Amino acid sequence: MEVVTALSDLRTRVGSARTSGDEVGLVPTMGYLHAGHVSLVRRARARCGFVVVSVFVNPLQFGAGEDLDAYPRDPEGDIAKLEAAGCDLLFQPSTEEMYPEGEPLTRVHVGLIGDDLCGRSRPVHFDGVALVVTKLLAACDPDAAFFGRKDAQQLALVRRLAADLSFRAEIVGCPTVRESDGLAMSSRNAYLSPEERRIAPRLFAALSTGAELVVAGEREPRVVVGKTLSVLAQEPRLDVEYVEVRDARTVQPLERLDGEVLLAVAARLGPARLIDNVVLHIDGTSVTVDAGEIN
Ligand code: AMP
């Protein structure tokens with residue numbers, strides 16, 4: 001695996017791979033890699049001849065008072081995991097490399113999708129995500145880019161951004177990878193104390209209870225949200241930010257549950273803000289629950 005820090009080197013290496021006939025796959029990350037990230041890299045490896053992973057803690061997607069400085073980092077561990085997963089090129093730029101003029105004047109704002117759900121409490125977050133993903137897609141111009149369904153709103157936003165801006169990359173959504181007790185893997189789980197770590201799987205337990213209700217025939221969003229909230233409420237240390245049912249592609253509210261439906265939760269637990277979701281594929285009376293996979 002080669003490691004580069006300059007956008008010009010990223011362009012050159014990807015250009016050579018393409019000239020030799022390889023499809024290029026891109027996996028954007030913020031590092032401190034875990035099995036969820038690794039599953040994205042393996043999917044990229046299975047599909048593409050040349051796999052690029054970016055590790056960049058993008059300051060633009062952190063608001064004032066958020067955890068930019070505390071965000072966990074493990075450059076050596078990341079390199080070992082990426083080598084093992086078959087990554088060809090690690091792109092690890094500095095902030096100066098990505099934003100040479102300082103704070104960018106250019107904004108990429110994916111209105112309806114980015115302003116809602118997590119965007120309500122994190123008003124600058126999705127503009128930051130949209131800008132950095134745009135820069136990475138523009139510099140790398142991959143055939144496919146891989147994103148986790150754990151960040152379902154981000155996935156919807158990236159799909160829309162890529163369509164609006166006519167990037168040729170296929171945006172590939174990948175299953176949420178979970179710990180054995182159901183907790184969705186996240187770099188931010190490192191913030192949890194042992195006691196909080198014991199409580200955290202309740203998010204997935206609540207989502208599973210909501211999903212079971214839909215499998216049993218419930219189609220009223222308010223009822224599913226209410227049931228999910230009631231499971232979360234049993235744990236007073238969870239400070240629930242939202243539980244919502246949305247169209248998974250557009251992230252817009254639904255009057256009745258039908259099609260590809262996102263059941264999503266965000267909650268604070270001690271120093272961590274946790275998000276999780278399941279996607280329900282509803283066709284008449286048939287319901288398939290996409291909850292991801294246990295590592
Ligand atoms: P991050 O480093 O948190 O920005 O995540 C980088 C990519 O990995 C994003 O596309 C995430 O959705 C994805 N990802 C993070 N956690 C998981 C997980 N538990 N399962 C699958 N994908 C994940």
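For clarity, every value in this text was computed on a predicted model and none was experimentally measured. First listed ligand is number 1; within each ligand, the first listed atom is number 1.
- No more than 12 heavy atoms of other residues, nucleotides or ligands lie within 6.0 Å of CZ in Arg160, so this atom counts as exposed by the packing criterion.
- Taking the charged nitrogens against the carboxylate oxygens, Arg168 and Asp143 do have a contact shorter than 4.0 Å, which makes a salt bridge.
- By the 4.0 Å N-to-carboxylate-O rule, Arg178 lies too far from Glu293 to be salt-bridged with it.
- Look at Pro175 and you'll find a heavy atom under 4.0 Å from some atom of ligand 1.
- Distances between N or O atoms of Val177 and those of ligand 1 include at least one value under 3.5 Å.
- The nearest protein atom to atom 11 (C) of ligand 1, hydrogens excluded, is given as Asp151 OD2, 3.1 Å; this is a heavy-atom distance.
- Under the 4.0 angstrom criterion for non-hydrogen atoms, Gln154 is in contact with ligand 1.
- Atoms of ligand 1 lying under 4.0 Å from any heavy atom of Phe147, numbered from 1 in the order shown and given with element: 10 (O).
- When heavy-atom distances to ligand 1 are checked against a 4.0 Å cut-off, Cys174 has no atom that comes that close, whether in backbone or side chain.
- Atoms of ligand 1 lying under 4.0 Å from at least one heavy atom of Thr176, given by number and element, are 20 (N), 21 (C).
- Less than 4.0 angstrom separates some heavy atom of Met185 from each of these atoms of ligand 1: 16 (N), 17 (C), 18 (C), 19 (N).
- Considering backbone and side-chain N/O atoms, Leu40 never comes within less than 3.5 Å of an N/O atom of ligand 1.
- Looking at ligand 1, you'll find an N or O of Met30 within less than 3.5 Å of one of its N or O atoms.
- For the atom pair OG1 of Thr106 and NZ of Lys135, the computed distance is 8.5 Å after rounding to the nearest 0.5 Å.
- Arg122 and Gln61 form no side-chain donor-acceptor contact under 3.5 Å, judged by distance and modelled atom types alone.
- Within the 4.0 Å heavy-atom cutoff, Pro28 counts among the residues contacting ligand 1.
- Assignment of His34 to the shell around ligand 1 is supported, since a heavy atom sits closer than 4.0 Å.
- Taking the charged nitrogens against the carboxylate oxygens, Glu255 and Arg222 have no contact shorter than 4.0 Å, which rules out a salt bridge.
- Looking at His37 next to ligand 1, an N or O pair under 3.5 Å apart turns up.
- Using modelled atom types, one finds no donor on one side chain facing an acceptor on the other under 3.5 Å when comparing Asp116 with Tyr242.
- At a threshold of 4.0 Å, the pair Arg246-Glu244 counts as salt-bridged, since one of the basic side-chain nitrogens sits closer than that to a carboxylate oxygen.
- Where the criterion is an N or O separation shorter than 3.5 Å, residue side chain and backbone included, Ala184 fails it with respect to ligand 1.
- The shortest N or O to N or O distance between Ser187 and ligand 1 is not under 3.5 Å.
- Separating the CG atom in Asp9 from the CZ atom in Phe91 is a distance of 9.0 Å, to the nearest 0.5 Å.
- Among protein heavy atoms, atom 10 (O) of ligand 1 sits closest to Gly148 N, 2.9 Å.
- Asp88 has a carboxylate O that lies under 4.0 Å from a charged side-chain N of Arg45, or vice versa, which qualifies the two as a salt bridge.
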